[in-house]
Peer 1: 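Next up is a structure, given as structure tokens.
We count residues from 1, following the sequence as given.
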Amino acid sequence: MADAEAQEPAGSRAIAGARLAIGLAQGVALYLLSEAQKQKAWPADTPALYAALLLVFVFCPLIVIGGLGRMRLIPLAAWTAVAAVVLAIFGWHDINAGIWNGLIHPERMVPAFQVFFFSAVFMFVGHHLVGPADEARRLIAPYPLYFDWAWKDAVQIALSAAFVGVLWSALELGGALFRLIDIGAVKQTIEQRWFSIPVTCLAFAAAVQLTDVRVALIRGVRTVGLVLLSWLLPVMTVIVVAFLTALPFTGLAPLFGTRSGAGTLLSANAALIVLLSAAYQDGETSIPPALRWAGRAAALALVPLVLIAADALWLRVGQYGLTPARIEAIACAVIAAGFAAGYAVGAVRRKGRWMQPLELTNVVMARVAMLAILLLFTPIADPARLAVDDQVGRLLAGREAPDKFDFDFLTYKAGRYGSDALTRLAALKGSPRNTQIAQLAVAGQQAQHPEAQLPAASLAQRLNVYPKGATVPASLLSQDWSHDPGQQPCFVNPVPPGGCNAYVLDIDGAGAPEVLLTTETGAAGVTLEVYKQSGGRWSDIGELNAVCADSVAALRNGQVKLVPRSGADLELAGRRLTLVPSVDADCPAPPASAPDKAKVGAKMIF
């Protein structure tokens with residue numbers, strides 16, 4: 001056996017050297033990408049390109065490392081090229097779809113977790129469809145080859161990851177030991193990205209090589225793992241059957257009342273599928289009678305689980321419409337339904353080997369799963385786009401009230417598609433309902449850019465101007481306030497509830513009006529910021545508190561007069577200060593609901 005293993009191509013020095021070189025090159029490439037991100041240099045200055053390259057350099061070297069010695073070079077190169085294109089599209093689209101009105105937040109330079117996860121699933125499934133087909137020289141390989149490739153590599157990946165983890169534990173321990181004798185260079189070195197990233201990739205490649213030359217060891221570990229998983233099948237089957245038996249007594253209402261019912265049911269489906277595949281193995285292994293009966297029961301139980309999950313999804317979508325999470329759940333339900341149908345046929349079929357239709361089902365549904373991932377993570381069937389179209393359609397069709405509609409989804413969670421939808425909704429005109437939708441959409445657009453200044457026309461539209469007939473000077477509206485340290489809420493986003501009140505009054509008697517702004521629209525008292533133009537620029541010159549209700553009424557009517565200073569002033573350290581009277585010092589009795597204020601302005605009388 002040792003001589004046979006030594007003659008395997010995977011054990012040759014050339015393949016070992018190639019794997020180590022690829023691992024090191026991968027580590028260097030990922031380090032350079034991380035450095036580019038830190039320095040904001042190319043390709044990090046183009047976030048979509050950075051994300052595309054990141055996915056390619058994370059996964060494509062692993063495809064080559066795993067395929068060397070097992071696949072012919074031309075098919076391996078072709079599959080790697082196809083994978084690189086798909087991964088680049090996934091990364092590019094994930095960032096571009098997350099753009100809000102041309103704005104990309106820095107954290108969106110790296111693809112989302114689900115993109116990484118499903119990219120890994122896509123690559124793993126694809127590699128274990130292409131590899132066996134190349135070995136068999138057929139488009140559809142015999143099922144034992146699919147089984148051997150997939151489960152062997154799953155064990156190999158797990159062992160390689162464990163090797164990397166143990167290596168880093170040893171390095172960390174070594175660094176700690178050297179620090180005990182005041183040598184900190186070791187720990188400082190292993191914490192540097194130029195060291196840690198290449199070493200991690202090189203170690204993983206080395207672990208793949210070490211485990212690949214010990215095929216018997218991998219198969220032994222795999223056999224033990226499959227046996228353990230196989231005997232979990234009866235346990236899981238009893239749990240699922242007991243659950244289905246209890247449903248007639250409890251009804252579906254408790255399940256439908258949760259927000260995670262469909263997800264839990266689909267997770268149970270996935271567990272049964274994995275355990276059934278583990279028990280079946282390559283189809284040529286002897287299966288104990290207990291596992292045979294448990295397998296048939298589990299296969300039949302998949303059908304009601306999928307139907308209940310689909311019913312729960314249908315109910316939720318009918319009530320609240322589509323969301324990205326529900327679309328992903330629907331895709332999972334379709335895949336689960338395919339597995340359930342194929343496995344159910346195997347459970348009732350008496351001819352041939354036990355559960356033999358499982359072979360065709362697994363191969364076909366693996367391709368369906370790859371197709372689903374390809375559609376969902378590209379513009380073809382992006383869940384955000386489909387959800388936005390559905391939600392906006394419900395709103396425009398009158399199935400959702402404007403004040404109940406989730407504009408936050410369009411604003412913060414739907415990326416480019418949400419921004420485009422807000423633009424369409426903001427242009428609505430006509431009925432009061434359309435006007436309300438347009439106003440809420442504009443608020444959503446503004447919330448996407450909280451630091452952006454409103455255009456002069458939009459600023460004028462949100463101001464309630466007093467006294468009647470007054471106008472806010474155009475120079476104040478057109479001034480750039482976006483970098484002003486004391487930025488007025490009326491000038492930027494989001495829109496304050498009720499808009500802003502502007503009082504255009506000549507409060508200093510200089511013949512030119514000042515503008516008093518407040519976001520408080522109540523009639524019982526307000527706090528105003530006073531803006532004055534000087535040297536061609538408007539600036540905030542102070543705050544004025546109008547505590548009394550009749551003071552606010554006088555403001556709105558423009559009833560203001562200057563008075564000479566009297567005993568309300570103090571001199572302190574050579575400076576003249578205005579003494580602010582106590583609240584209600586000379587106000588009429590306010591209504592019981594009038595809010596309490598702390599100060600009243602002393603420079604003028606209202």
Peer 1: Once rounded to the nearest 0.5 Å, what's the spacing between atom CZ of Arg394 and atom CG of Asp406?
Peer 2: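 Those atoms lie 11.5 Å apart.
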Peer 1: If you compare all heavy atoms of Gly175 against all heavy atoms of Val186, which two are closest, and at what distance to 0.1 Å?
Peer 2: CA-CG1, 3.9 Å
Peer 1: Rounded to the nearest 0.5 Å, how far does CG of Leu76 lie from OG1 of Thr80?
Peer 2: 4.5 Å
Peer 1: Once rounded to the nearest 0.5 Å, what's the spacing between atom OG of Ser119 and atom CD1 of Ile89?
Peer 2: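 If we round to the nearest 0.5 Å, Ser119:OG and Ile89:CD1 are 11.5 Å apart.
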Peer 1: So, for Ala384 and Pro324, which heavy atoms are closest and what is the spacing to 0.1 Å?
Peer 2: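 The pair with the smallest heavy-atom distance is CA-CG, 4.1 Å.
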Peer 1: Parallel under 30°, tilted from 30 to 60°, perpendicular over 60°: which one fits the rings of Phe59 and Phe116?
Peer 2: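 Ring orientation, 0 to 90° scale: tilted.
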Peer 1: Evaluate Tyr320 against Gln391 for side-chain contact (heavy atoms from CB on, under 4.5 Å), listing each step before the verdict.
Peer 2: CA-CA 8 Å; Tyr320 305 107; Gln391 293 290 345; 5.6 Å; no
Peer 1: Can you confirm whether Leu173 is buried at CG, in the sense that more than 12 heavy atoms of other residues, nucleotides or ligands lie under 6.0 Å from that atom?
Peer 2: yes
Peer 1: Identify the heavy atoms of Ala340 and Val306 that sit nearest to each other, and give their distance.
Peer 2: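 Residues Ala340 and Val306, closest heavy atoms: CB-CG2, 4.0 Å.
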Peer 1: Tell me whether the rings of His128 and Trp149 are parallel (<30°), tilted (30 to 60°) or perpendicular (>60°).
Peer 2: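 If you compare the ring of His128 with that of Trp149, the planes turn out perpendicular.
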Peer 1: Quick check: do Gln37 and Leu33 have side-chain heavy atoms less than 4.5 Å from each other?
Peer 2: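 The answer is no, as the side chains (C-beta and beyond) never meet within the 4.5 Å cut-off.
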Peer 1: Answer yes or no: is there a side-chain heavy-atom contact under 4.5 Å between Ser196 and Ile190?
Peer 2: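 A side-chain contact under 4.5 Å is absent here.
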Peer 1: Parallel, tilted or perpendicular: which fits the ring planes of Phe339 and Tyr343, with parallel below 30° and perpendicular above 60°?
Peer 2: perpendicular
Peer 1: Which value, rounded to the nearest 0.5 Å, describes the distance between Ser34 atom OG and Tyr50 atom OH?
Peer 2: 6.0 Å
Peer 1: Answer yes or no: are there more than 12 heavy-atom neighbours, outside Leu73 itself, under 6.0 Å from its atom CG?
Peer 2: no
Peer 1: With a 4.5 Å limit on heavy-atom distance, are the side chains of Val166 and Phe163 in contact?
Peer 2: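 No, every pair of side-chain atoms sits at 4.5 Å or beyond.
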Peer 1: Between Glu359 and Tyr146, is there a side-chain donor-acceptor contact under 3.5 Å, judged purely by atom types and distance?
Peer 2: no
Peer 1: Less than 4.5 Å apart, any side-chain heavy atom of Asp148 and any of Arg222?
Peer 2: yes
Peer 1: Check the surroundings of atom CG in Leu139: do more than 12 heavy atoms from other residues, nucleotides or ligands lie under 6.0 Å from it?
Peer 2: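 No, the 6.0 Å shell around CG holds no more than 12 heavy atoms from other groups.
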Peer 1: On a heavy-atom basis, which atom in Pro142 and which in Ala136 lie closest, and how many Å separate them?
Peer 2: CD-CB, 3.8 Å
Peer 1: Answer yes or no: are there more than 12 heavy-atom neighbours, outside Arg179 itself, under 6.0 Å from its atom CZ?
Peer 2: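 No, the 6.0 Å shell around CZ holds no more than 12 heavy atoms from other groups.
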Peer 1: Start with the C-alpha distance between Asp94 and Phe377, add both sets of side-chain angles, then the distance that settles side-chain contact (heavy atoms from CB on, under 4.5 Å), and finish with yes or no.
Peer 2: CA-CA 7 Å; Asp94 180 54; Phe377 289 93; over 6 Å; no
Peer 1: Where the side chain of Arg137 meets the backbone of Asp134, is there a donor-acceptor pair that is under 3.5 Å apart?
Peer 2: yes
Peer 1: How many angstroms lie between CZ in Arg72 and CD in Glu135, if you round to the nearest 0.5 Å?
Peer 2: 11.0 Å
Peer 1: Can Arg70 and Asp153 be counted as an ion pair, charged N to O under 4.0 angstrom?
Peer 2: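 Asp153 and Arg70: salt-bridged.
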Peer 1: Give the minimum heavy-atom separation between Ile63 and Ala83, together with the two atoms involved.
Peer 2: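 Here Ile63 and Ala83 meet closest at CD1-CB, 3.5 Å.
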Peer 1: Measuring from Ile197:CD1 to Gln192:CD, what's the distance to the nearest 0.5 Å?
Peer 2: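 Reported to 0.5 Å precision, the distance equals 11.0 Å.
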Peer 1: Tell me, yes or no, whether the heavy-atom count around Phe178 atom CZ, taken from other residues, nucleotides or ligands under 6.0 Å, exceeds 12.
Peer 2: no
Peer 1: Write down the atom of Pro132, the atom of His127, and the distance for their closest heavy-atom approach.
Peer 2: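 Looking at all heavy atoms of both residues, the closest pair is CD-O, 4.0 Å.
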